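Following: one structure in structure tokens, then a few remarks.
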Amino acid sequence: MERLRSAPPPVKRPAKKSKKAVAAMRPAEYAAYIGRLAAAGMVRRRPLGRGPFLAGFRIFYADGDVGAASPMTRDRMDYLVRYGATLVPTYDPAHLTHVVTTLDRAQFARKTGLESPRDVPDALPVLRWEWVKTGERAGGLARWHEHAAYNDHVVFEAVVPEGERRTVPEACRRGRSSSVQAKGKAADVEGRPDAGDAEASRISEFTQDRLAGLAAEQKPHASVQKAQRTRGEPSTSAATPHGGGGAADPLAEFYAAARAERETELRSDTPLRTGHAAAAAGSRQTGAFQCDIVPDGKVGTCPNQDVIDELNKLVKVHRQGATREDGFKVGAYTRAINGIRKLKTRIKSSEEALAIAGVGSKTAQKIMEIIETGHLRRLDHVLTKEIAILETFQGIYGVGPKVARQWLAAGCRTLDDIREGKHGVKLSTAQHTGLKYYDDINARMPREEAQAIFELIKPVALSIDPKLFVDIMGSFRRGKADCGDIDILITRPTDDGKSHIGRRLHCKDPRKLTTPLGVLRRLLKELHERGVITEDLNVPEDWDDLELVYRGLCRRDSKGLQRRIDFLTVPYKSRGAALLYYTGDDIFNRSMRLKANKMGYSLNQRGLYANVIRNPSDRRQKFNEGVIIASETEREIFEKLGVPWQEPHQRVRGG
DNA sequence: GGGCTGTACTG
DNA sequence: CAGTAC
DNA sequence: GCCC
């Protein structure tokens with residue numbers, strides 16, 4: 001709880017809870033607790049400049065927590081309170097102005113005890129966390145429609161220009177009137193100013209932007225006004241409605257077009273009401289987890305492709321760098337590129353660039369240089385030739401940055417140098433194979449070929465044991481048209497007491513095994529004999545393990561190229577986690593793990609774990625392994641993490 | 001100022 | 001343990 | 001290099 005600084009001890013100070021007690025609180029308990037702290041003046045509001053832009057709002061926060069509120073939930077609740085919101089511990093739509101959640105509609109309904117997802121009221125804005133973060137950045141409120149969790153159709157309705165506005169759904173109006181009544185009461189009970197409630201009653205009548213205007217206008221927090229003045233804005237700008245204004249709204253056309261496309265993720269150069277730099281390029285989705293944002297499936301050409309190409313060169317350069325920083329820069333630039341890729345308009349100013357998630361001041365500067373001059377001067381002075389050589393070397397399976405640099409330093413320049421063992425180069429077995437089939441391995445294969453190879457393999461596996469689950473993962477499962485390799489997952493239900501390793505699970509003495517060959521060992525033997533598998537790269541050492549990883553090369557027929565293939569066997573229990581992991585993509589996986597981490601969980605290919613205690617001085621080191629809370633299906637993992645369900649083809653975050 | 005996904009195999 | 005792969 |  002060190003996030004909330006204590007004020008000088010007041011007379012009636014709520015009992016200070018121990019860290020442990022706080023950590024054990026359920027979300028509702030924590031919300032109530034922090035509410036008491038706030039009421040006692042023990043929550044320090046944010047310093048002037050940002051302003052308590054959530055003042056008067058009554059927010060219910062729902063996350064995927066199981067049991068105790070996770071560190072992330074507590075963090076976010078702290079945050080909401082610090083910016084002036086009143087946290088409502090339980091879901092009581094009549095007493096709320098906003099809901100902030102990471103859950104999808106069905107999860108939210110379940111969590112809040114609603115009978116059906118249809119009962120989630122449309123009149124109440126249900127928003128993603130990014131709405132809060134974007135609002136903070138913009139120095140005011142962000143537009144709902146860009147951050148609605150799932151009732152975006154209604155929220156979107158609200159920003160449709162007057163002339164084109166459709167009838168607000170019946171359910172909406174009902175929900176509103178009933179909530180208005182109860183709100184005044186709630187305000188009394190909590191002894192809070194009712195400004196927020198008065199606003200909330202207008203939610204469906206006014207546009208989001210008007211509401212934002214009202215928030216600033218009717219509740220003139222000195223800090224907000226000061227912040228605006230500091231930025232040199234005319235004070236009227238805060239109250240100027242746009243987006244929801246009359247027919248003169250310059251954005252009307254834009255909205256109409258967007259609606260026509262049923263676009264839910266609007267990104268434009270639409271200024272928010274403040275005209276503040278951070279807001280100038282529309283919503284900045286920082287603070288959100290990539291995995292929470294379901295992509296809209298549209299690709300389209302990117303108006304900033306030149307910027308992306310140039311930044312990609314920078315990624316290449318740093319990928320060859322030796323330091324840890326280089327590695328993190330690769331990640332940072334990659335995230336920035338991802339943000340830029342989603343942008344649908346040409347970047348025109350460094351402010352716009354800065355507003356992109358993952359783009360900071362340094363990258364924004366570089367972006368502007370690219371836009372103004374067409375390239376980065378910094379790249380002119382970089383040893384492109386050496387970089388190219390390092391990349392070539394790393395194209396060899398088993399060769400990474402270290403070895404590549406070593407070879408370069410030793411004087412090697414070409415693959416032939418390596419082949420000939422010049423300058424004392426020695427190859428491991430895997431590297432030798434990797435070099436031998438260099439071109440094949442680095443070529444991508446058409447999806448059809450992956451499918452064909454899989455169809456050679458699956459029947460063989462099933463002939464060994466018809467109860468096996470054999471599935472192809474990776475980019476193939478994500479529906480990509482071309483694949484870099486083939487990932488095959490093997491598992492087997494244990495309901496008959498057997499698993500993919502054979503009978504050993506129930507045979508205490510291994511020497512008495514009657515079926516000594518595990519499935520994978522037999523399968524690989526078969527595939528070798530049939531010429532499907534041609535080379536091994538990485539062979540498990542203990543074939544009797546439940547979890548095995550095999551890496552090798554295979555081909556469709558004697559005329560086909562050699563393709564990379566991986567086999568994984570996993571215990572039936574952890575098939576969901578394995579499926580999730582081996583389906584990817586990379587960025588999606590990282591994001592899921594990061595979110596799990598922030599929620600106090602840990603996610604790996606075996607499952608989602610709670611109560612993992614990490615070494616505070618080295619977070620990667622775990623003191624205990626925790627309690628497994630989900631692993632059998634992908635869905636339960638999504639659910640526990642409060643991530644909206646996404647089919648494999650939707651889990652694409654990278655290129 | 002610290003974190004940035006997390007695990008397994010190879011030599 | 002460092003390096004590599006996924 | 002970005003973000004908290």
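Letters A, B, ... mirror the listed sequences (proteins, then strands); counts begin at 1. Hydrogens, waters and symmetry mates are skipped; everything else that's a heavy atom, side chains included, is used. Predicted, not measured: the structure shown is a model, and the values here were computed from it.
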Checklist line | Aromatic ring pairing A:Y550/A:F567, orientation class (parallel under 30°, perpendicular over 60°, tilted between) | finding: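 Rings of A:Y550 and A:F567: tilted, as their planes differ by 30° to 60°.
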Separation of [N] [atom2] from [X] [atom1] (nearest whole Å):
X      : N     : atom1 : atom2 : value
A:R653 : B:dT5 : CZ    : P     : 16 Å
A:Q290 : D:dC2 : CD    : C1'   : 13 Å
A:Q365 : D:dG1 : CD    : P     : 10 Å
A:L594 : D:dC3 : CG    : P     : 13 Å
A:W129 : D:dC3 : CH2   : C1'   : 14 Å
A:I587 : B:dG6 : CD1   : P     : 16 Å

At 4.0 Å (heavy atoms only), tell me whether [X] reaches a base, stays on the sugar-phosphate, or touches nothing.
X      : answer
A:N597 : sugar-phosphate
A:G400 : sugar-phosphate
A:V330 : nothing
A:S361 : sugar-phosphate
A:Y581 : base

Next item on the list: Can you tell me, in whole Å, how much space there is between the P of D:dC3 and that of B:dT5?
Entry: 15 Å
Notebook entry, point to check: If you measure from the P atom in C:dC6 to the same atom in B:dC4, how many Å do you get, rounded?
Noted result: 23 Å
Note to self: Check for me: is A:F328 stacked on B:dC4 by the 5.5 Å centroid and 30° plane-angle rule?
What the structure shows: yes
Next item on the list: Check DNA chain C against residues 562-577 of chain A and give the residues with a non-hydrogen atom under 4.0 Å, in numerical order.
Entry: A:R564, A:D566
Checklist line | Contact boundaries on DNA chain C for chain A, cut-off under 4.0 Å to non-hydrogen atoms | finding: C:dG3 to C:dC6
Ring-face cation contact, [Y] with [X], 6.0 Å cut, 45° max:
X      : Y      : result
A:R635 : A:F638 : no
A:R492 : A:F469 : no
A:R651 : A:W645 : yes

Check: Of A:K573, A:R575, A:R606, which is the lone residue that meets salt bridge (Lys or Arg N to Asp or Glu O under 4.0 Å) with A:E547?
Finding: A:R606
Using 4.0 Å as the upper bound for N to carboxylate O, is an ion pair formed by [Y] and [X]?
X      : Y      : result
A:E391 : A:R319 : no
A:E369 : A:K366 : no
A:R478 : A:E647 : no

Note to self: Ignoring hydrogens and geometry beyond distance, is a side-chain donor-acceptor pair present between A:H528 and A:D536 at under 3.5 Å?
What the structure shows: yes
Margin query: Could you check whether A:E386 and A:Q320, counting side-chain N and O atoms only, form a donor-acceptor pair closer than 3.5 Å?
Written below: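 Short answer, no.
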Checklist line | Positive for side-chain hydrogen bond (donor to acceptor under 3.5 Å, both in side chains) with A:T73, one of A:T102, A:D78, A:D65 | finding: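 Exactly one pass, corresponding to A:D65.
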Margin query: Under 4.0 Å from OP1 or OP2 of D:dG1: is there any side-chain N or O of A:K366 that close?
Written below: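 Looking at the OP1 and OP2 atoms of D:dG1, one of them is under 4.0 Å from a side-chain N or O of A:K366.
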Margin query: Using the side-chain heavy atoms of A:R606, tell me which of these nucleotides is nearest: B:dT5, B:dT7, D:dC2.
Written below: B:dT7
Give me the distances for all protein-to-nucleotides 9-11 of chain B N/O pairs that come in under 3.5 Å?
residue: B:dC9; atom: O3'; partner: A:N538; partner atom: OD1; Å: 2.7
residue: B:dT10; atom: OP1; partner: A:N538; partner atom: OD1; Å: 2.9
residue: B:dT10; atom: OP1; partner: A:V539; partner atom: O; Å: 3.1
residue: B:dG11; atom: OP1; partner: A:T429; partner atom: OG1; Å: 3.3

Check: Which is it for A:R551 and A:D566 under the salt bridge (charged side-chain N to carboxylate O under 4.0 Å, His left out) test, yes or no, and what are the steps along the way?
Finding: CA-CA 4 Å; A:R551 302 184 202 287; A:D566 294 344; 3.2 Å; yes
